[in-house]
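We name chains A, B, ... by the order of the sequence lines, and we start the count at 1 in each one.
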Amino acid sequence: MSGPGVPEDDMHFRWQPKADVPPFGDAALDAVLAPGQAPDHADGALRPVAEVLAALRTPPSRNELAGLDRALAEFRTADRGRTTAPRRHGPARPAYRRARLFAQLGAAAIISLLGVFGGAGYAGALPGALQGFAHRVIAAPAPARPAARTSHGPGSGHSRPAAEQATSGPGSSPPPGHRAGRFRPHPPGGPAGHHHPRHHVPKSKGPKLKKTPKPGGRVSMAPLKRPGRLDGAIDTL
Amino acid sequence: VVGDYFGTVIAAAQAGDEAAFAELWRDANPAILRYLRVIAPNAAEDVAAETWVTVIRGLGAFSGDEHSWRAWLFTIARSRAIDEGRRQRRRPVRPLEEAAEAVTTDAADIAITNLETERALRLIAALPPLQAEAIMLRVVAGLDTQAVAEMLGRSPGAVRVAAHRGLRRLAAMLAEAGVTL
C-alpha cells in the first residue's frame with residue numbers, strides 16, 4: 001500500500017530508486033541487437049549497452065582457442081572409426097551366443113523333420129521302405145502292397161476284415177479307437193481262411209455288409225437291405 | 001562466420017578433413033564458450049568439450065547452411081548445459097581438489113581473456129536467465145529471433161520482448177552503477 005496518508009513505516013520494504021534511464025523504443029533496441037552494429041551508431045543513451053554487446057563480439061582470445069587439440073583428437077578418433085571399423089548392423093554377438101543359436105536352429109530343424117516324417121508316416125505317404133520303418137518304429141500304417149489290395153475272390157476263403165481293407169490304402173486313417181499297430185500285413189500267399197486273433201474285429205451295430213463278388217474280383221461292400229414284402233414275393237417267384 | 005565457402009568447408013569436414021574441421025571449430029568455439037559462460041558458468045569448458053564430441057558424432061548427418069549450422073551447434077550446447085545443470089543438482093558437493101583446480105583455471109582464464117569481454121559476460125549473466133539467454137543467442141550466436149524462439153521453445157514475440165527487457169535492464173544497471181567498459 002502506498003499513497004497519501006500512509007505512514008512510511010507501514011511497509012516492510014523500500015522502493016528502490018529507479019535509475020534515470022530514458023525509455024528506449026523497440027526499433028532502437030532492435031538496431032542494437034542487429035549483427036555488425038557499431039556502438040558509435042547507437043543512440044546516445046544506448047551507447048553503453050551497445051558497447052557491452054560489442055565487447056561480446058570481440059575476436060577470440062587465446063584461451064578460447066586452447067581446446068582445438070582436444071577437439072581434433074576426438075575428430076580423428078571418430079573419423080578413424082568411420083573409415084576403418086567395419087559397420088555393424090546389429091549388436092555384437094560373442095562366439096558362444098552364435099554357437100547356441102546354431103544349436104537351437106539345428107534342434108528346431110530336427111524336430112521339424114521328425115514331425116514331417118511322423119505325419120507323413122501316419123498318412124501313409126512315405127515311400128515303401130520308409131513307410132515300413134515308420135510302421136515298425138512309430139506304429140504307422142503298414143506300407144500298401146499290391147497283393148493286399150487285390151481280393152482273393154469269393155472262393156478263396158480269405159476273409160480280410162473290412163476295417164483292414166478300409167485302412168490299408170494310402171491316405172486312409174484308422175478309425176477312432178483303433179490302433180494302427182494291431183494290424184499286420186498278411187504273409188505273402190497267406191493262409192486262406194486263417195483268422196489271426198489280432199485281426200478280429202468286433203461286430204458293429206451298424207448296417208450289415210454283404211460281400212458281393214464282382215467280375216474284377218474286387219469285393220464290394222454294400223449295406224444289406226432289410227427284407228421286405230417285395231423281396232419275399234420275388235423269392236417265391 | 002565462415003562465409004560464402006561454408007558449404008565447401010563443411011563438406012570437407014564431413015569427409016574427414018582436419019583442417020576444415022579446425023576452421024569450423026575456430027569460428028564457433030569462442031562464441032559457444034561465451035554463451036556457456038553465461039548459462040553454465042561453473043562448467044563452461046567441460047560443456048563446450050562435450051558439445052564438440054556430440055557435434056563430431058553427428059557431423060556426417062548434418063545438412064544445411066551456415067545459419068542452420070550455428071543453430072544446431074548452439075542447440076547442442078544448450079542441451080549439454082542443461083544436462084550439466086541436472087548433474088550438478090544431483091551431486092552439488094565437489095571434492096576440494098576439483099574445486100581448487102576450477103578456481104585456478106578461472107583465474108587464469110580471466111587473466112588471459114579480454115577483460116572487456118569478461119566484464120560484459122558478467123553483466124549479461126546478472127540478468128534474468130531468459131533475458132540473458134535471448135541476448136546471448138541474438139548477439140553472440142548471431143541467430144535471428146525465429147531461430148532463438150525455436151531453440152528456447154517460445155514464440156518469436158516472447159523472445160523479442162525478453163531481449164528488449166534485458167537491454168533496458170542492462171541500460172539501467174549501467175546507468176545506476178555508472179559503469180563504463
Smallest separation among heavy atoms of [X] and [Y], with atom names:
X        : Y       : result
B/Arg168 : A/Gly25 : NH2-C, 4.4 Å
B/Phe6   : B/Gly64 : CE2-O, 3.7 Å
B/Ala48  : B/Leu36 : N-CD1, 3.5 Å

Side chain from CB out, backbone as N, CA, C, O: work out which of these in A/Arg57 comes under 4.5 Å of a heavy atom of chain B, or both, or neither.
both
Under 4.5 Å from any heavy atom of chain B, what part of A/Ala54 do you find: side chain, backbone, both or neither?
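Interface part for A/Ala54: neither.
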Atom group of [X] that falls short of 4.5 Å from chain A, counting heavy atoms:
X        : result
B/Val139 : both
B/Asp27  : neither
B/Ile32  : neither
B/Leu33  : side chain

Can you tell whether the side chains of B/Arg119 and B/Glu116 come within less than 4.0 Å, N to carboxylate O?
no
Heavy-atom count around A/Asp26 CG within 6.0 Å, excluding the residue itself: above 12?
yes
For chain A, the option from B/Met136, B/Arg138, B/Arg160, B/Glu18 that forms the most heavy-atom pairs under 4.5 Å
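Result: the option with the highest number of such pairs is B/Glu18.
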Chain A: which of B/Leu167, B/Asp144, B/Ile135 shares the most heavy-atom pairs with it under 4.5 Å?
B/Leu167
For the residue pair B/Phe21 and A/Phe75, categorise the inter-ring angle as parallel (less than 30°), tilted (30 to 60°) or perpendicular (more than 60°).
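Plane angle under 30°, so parallel.
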Max heavy-atom pair count under 4.5 Å with chain B, selected residue of A/Leu56, A/Leu72, A/Val49, A/Leu33
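The candidate making the most pairs under 4.5 Å is A/Leu56.
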